[in-house]
Amino acid sequence: MNLRPQPLPFSFYLQDTVSLARALLGQLLCRRTAEGLAAGIIVETEAYLSKDDPACHAARGMTRRNAPMFGPPGRAYVYFIYGNHYCFNVTSGPEGVGEAVLVRALQPLEGVELMRRRRGIALNLVNLANGPGKLCRALNIDTSLNGHDLREEPLWIATGGPAHFDVVSAPRIGISQAKEKLLRFYIKGNNYVSRRASIERNPGTGD
DNA sequence: GGGAAGATGTTCT
DNA sequence: GAACATCTTCCCT
């Protein structure tokens with residue numbers, strides 16, 4: 001495949017965090033290492049907000065871990081969790097405001113065999129990157145990329161995904177607070193989403 | 001310096 | 001569906 005992903009411009013990241021979480025769906029997350037290019041379509045995201053959101057890492061102010069959330073938008077915020085896994089976020093909101101979008105699942109598009117090697121076991125396509133820890137493993141993302149500008153190699157976000165699709169909003173996963181907020185977004189009907197909601201709502205329409 | 005919780009994945013029942 | 005591995009970060013003493 002002659003894939004030449006072009007990075008999204010800085011202006012893309014200037015929208016509010018919920019809008020950004022939705023706008024990131026269908027975009028390409030691209031990762032280049034010495035082993036080659038690996039890329040996938042972002043099919044599931046979650047928004048974490050600075051106001052009225054106790055589940056957000058930035059809810060209690062800036063710490064060493066969450067500092068990238070308070071920096072400029074369009075950067076990587078990577079953290080280690082549960083002793084085993086990394087999670088990849090896109091920073092958002094104006095500088096000084098701690099917000100981010102967690103990327104939860106990818107539809108593998110390029111470098112599938114590379115992803116499979118990194119994941120270690122013989123997996124079908126669906127299970128390569130359908131979870132935040134899985135996609136970090138598949139793309140070899142760790143905290144060395146924390147704060148990285150997502151317009152640049154070796155980790156960037158580009159246009160080139162599907163042209164049209166419906167978006168579903170649902171409760172976020174794995175949190176203990178603010179569980180009721182519908183701040184998870186995914187591409188309706190996509191098989192690479194980590195978990196489908198029992199009721200699939202379209203955001204903003206209330207139905 | 002210590003303790004508890006955590007934006008998960010895998011395996012087992 | 002439930003248990004658990006595993007360890008960093010942060011908050012408290």
Side-chain angles (χ1 to χ4, degrees), chain A residues 16-18 20-22 24-25 29 38 40 42-71 73 75-93 97-108 115-148 150 155 157 167-187 191-198 203:
Chain A
D16 70 85
T17 298
V18 170
L20 182 65
R22 295 176 56 178
L24 282 168
L25 295 175
L29 180 60
I42 297 172
V43 299
E44 180 180 0
T45 62
E46 287 180 359
Y48 286 87
L49 308 178
S50 62
K51 290 201 168 68
D52 205 26
D53 187 4
C56 180
H57 283 178
R60 287 181 206 158
M62 187 162 71
T63 65
R64 198 163 86 248
R65 178 173 74 157
N66 68 21
M69 296 180 78
F70 291 86
R75 305 290 184 97
Y77 167 43
V78 182
Y79 64 90
F80 192 64
I81 192 77
Y82 293 128
N84 287 316
H85 312 294
Y86 294 100
C87 290
F88 168 74
N89 298 250
V90 179
T91 64
S92 66
V97 175
E99 301 196 334
V101 176
L102 171 69
V103 177
R104 285 193 55 89
L106 300 179
Q107 177 177 343
M115 293 190 205
R116 221 170 236 139
R117 278 209 300 280
R118 286 170 176 153
R119 295 273 288 120
I121 19 184
L123 290 171
N124 59 28
L125 205 54
V126 166
N127 283 303
L128 284 182
N130 62 342
K134 294 177 183 179
L135 76 88
C136 285
R137 186 71 181 268
L139 296 189
N140 195 26
I141 293 173
D142 60 28
T143 49
S144 69
L145 290 162
N146 207 16
H148 172 76
L150 294 170
L155 178 66
I157 298 175
V167 175
V168 174
S169 65
R172 293 173 292 184
I173 291 179
I175 56 175
S176 59
Q177 302 180 80
K179 291 179 174 179
E180 76 289 353
K181 292 179 183 293
L182 301 178
L183 291 175
R184 182 164 73 102
F185 304 97
Y186 63 84
I187 294 179
N191 289 328
Y192 298 85
V193 170
S194 69
R195 184 170 168 244
R196 313 268 283 264
S198 53

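Proteins come first, then strands; the chains are lettered A, B, ... in the order of their sequence lines, and each starts at number 1.
Remark: the Glu99(A) side chain and the Ser50(A) side chain contain an N/O donor-acceptor pair separated by less than 3.5 Å.
Between the NZ atom of Lys134(A) and the P atom of dG9(B) there is a distance of 6 Å, rounded to whole Å. Going from atom CD1 of Ile173(A) over to atom C1' of dG9(B) covers 13 Å, rounded to whole Å. Atom CZ in Arg172(A) sits roughly 11 Å away from atom P in dT8(B) (whole-Å rounding). Distance CZ (Phe185(A)) to P (dA7(B)): 18 Å, rounded to an integer number of Å. Between His57(A) atom NE2 and dA5(B) atom P there is a gap of 15 Å when expressed in whole angstrom units. Put simply, CD on Gln177(A) is 12 Å from P on dA5(B), counting in whole angstrom units. At whole-Å resolution of the value, CG in Asn89(A) and P in dT8(B) are 11 Å apart. Computed from coordinates, the Arg184(A) CZ to dT8(B) P distance equals 11 Å when rounded to whole Å.
Using modelled atom types, no side-chain atom of Gln107(A) and backbone atom of Val43(A) make a donor-acceptor pair closer than 3.5 Å. At distances below 3.5 Å, not a single donor-acceptor pair connects side-chain atoms of Ser92(A) with backbone N or O atoms of Thr17(A).
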Quick one, give me the B/S/- string for nucleotides 5-10 of chain C, reading 5' to 3', where B means a protein heavy atom under 4.0 Å from the base and S means that only happens at the primed atoms, P, OP1 or OP2.
-> BBBSSS

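The ring pair (Phe, Tyr, Trp, His ring centres under 6.0 Å) check on Tyr192(A) picks up nothing, with sequence neighbours excluded.
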Dot-bracket for DNA chain C, 5' to 3', counting Watson-Crick or G-U wobble pairs under 3.5 Å, with [ ] for crossing pairs and | for inter-strand pairs?
-> |||||.||||||.

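Both Gly133(A) and Ser176(A) lie near DNA chain B, and the one whose nearest nucleotide falls closer to the 5' end is Ser176(A).
In plain terms, the two heavy atoms of Leu183(A) and Leu49(A) that are nearest each other are CD1-CD1, 3.9 Å. Closest non-hydrogen pair, Ala38(A) versus Leu139(A), comes out as CB-CD2, 3.6 Å. Nearest heavy atoms, Gly61(A) versus Phe70(A): C-CZ, 3.8 Å.
Ring centroids of Tyr79(A) and Tyr77(A) are separated by less than 6.0 Å, placing the two rings close together.
Rounding to the nearest 0.5 angstrom, the gap separating the CZ atom in Arg172(A) from the CZ atom in Phe185(A) is 9.5 Å.
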